Q: 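The structure that follows is given in the form of structure tokens.
Ligands are counted one by one from 1 in listed order, and the atoms in each one are counted from 1 as well. This one's a predicted model, so the numbers in the text were calculated from it and none came from an experiment. Values below: every heavy atom of this structure, side chains too, minus hydrogens, waters and symmetry copies.
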Amino acid sequence: MDLGVGERLEVVWKKLEVWEGSTRGKNKVIRRWRYRSRKVAEGRVSLWNRFLPEKLQRLTPLYDDLVEIAVRKSHGARVCGLKEVLERCCGFQEGCGSVVVEWDDKWINPLSLASKGWAFESVDERKRLVCRCRSCCRTIVVDLNPEESSVYLRRSCWLNGVVKGHGACCPWRNVQFNLDKEYYLNKSNLVHDIERISRALKKPCNLPRTSQEPLSPDQLTQLKKVFHYDGDDQLLALLVRGYEPIGNDVVRCSACFRKAFLHNYSTLNYHESWCRYRDENKLTEMILSALSLDFESCGNTGSVEERLHNLETYLEKL
Ligand SMILES: [Zn+2]
Ligand SMILES: [Zn+2]
């Protein structure tokens, strides 16, 4: 190794140390906020722990986990759980399946209601949607097909019904799940899609053939290399457009939960206007651009000089 490369490696190593150190520092702060030393009131009789011998019965944990306490106190109020938001969103789509609804793409739709803590309860005889908060147990009623509809009215329904419908102490009253950061496609959450697609490709699946092939041959070849996959093109094409097979002939979007039959599947975009995969080619483009560095170096070890240059470029971006 020549002297120049050695010096550059030294610089990269120092940068990595600084980065690792700063991350450790952040963790410390987070832990301090998360845990609180436990104070046992005088004279309080602790509960009997049947897994411990008698002489160790007085031993209790020294710290309380504040996150666990908050979850116990406010049942159903996990404001940071994407899985819970998607479950509630799916509940609205399934529950309103028998009603023709034109969802508003910004104020009132299954995703916005779910992101504000509301879950599907029922649709009444006047085609009004009843939602319930699992944290404060309050309910609100939303008219699905109002006689008058304007941006002003929908915004007013959001502010006065959806936001103020929660109880004064409910955590959802002042908080909303961060859709831009966690739900909509961006680099930081791309890993969820890569995991979803990798898992789905491993399951056995027999889809009927359709004439539609929305991806270019070049994109398909690259995606197959990225996922180390050599099977059905159509399955891969459906997965990168957000769909997952739920039957022999039916696919469902994993973000807006709209269903489509494969036998009449066409170039039509079946996603809701507010769906993560509304722009159907965006995920493919993001995966290929995010993994292009690894993809190009796949099977090509390159010289130390090239690999060091790639590492330096990567660190500059951090
Ligand atoms: Zn509530
Ligand atoms: Zn969708």
Q: Please determine if Glu94 and Lys259 form a salt bridge, counting it only when a charged side-chain N lies under 4.0 Å from a carboxylate O.
A: yes
Q: Would you check if the Zn ion (ligand 1) lies under 2.8 Å from any N, O or S atom of Cys136?
A: yes
Q: So, His271 versus Tyr243, ring centres under 6.0 angstrom or not?
A: yes
Q: So, Asp193 and Tyr277: side-chain donor and acceptor under 3.5 Å apart, yes or no?
A: yes
Q: Compute whether any side-chain donor of one residue and acceptor of the other, for Ser188 and Asn186, lie under 3.5 angstrom apart.
A: yes
Q: Protein N/O/S atoms under 2.8 Å from the Zn ion (ligand 2): how many?
A: 4
Q: What's the shortest heavy-atom distance between Phe120 and Cys96, and which atoms?
A: CE1-SG, 4.1 Å
Q: Indicate yes or no: does Arg126 engage Asp143 in a salt bridge with an N to O separation below 4.0 Å.
A: no
Q: Rounded to the nearest 10 degrees, what's the angle ND1 of His166 makes with SG of Cys170 at the Zn ion (ligand 1)? Could you check?
A: 110°
Q: If you measure from the Lys or Arg side-chain nitrogens to the Asp or Glu carboxylate oxygens, is any gap between Asp233 and Lys224 under 4.0 Å?
A: yes
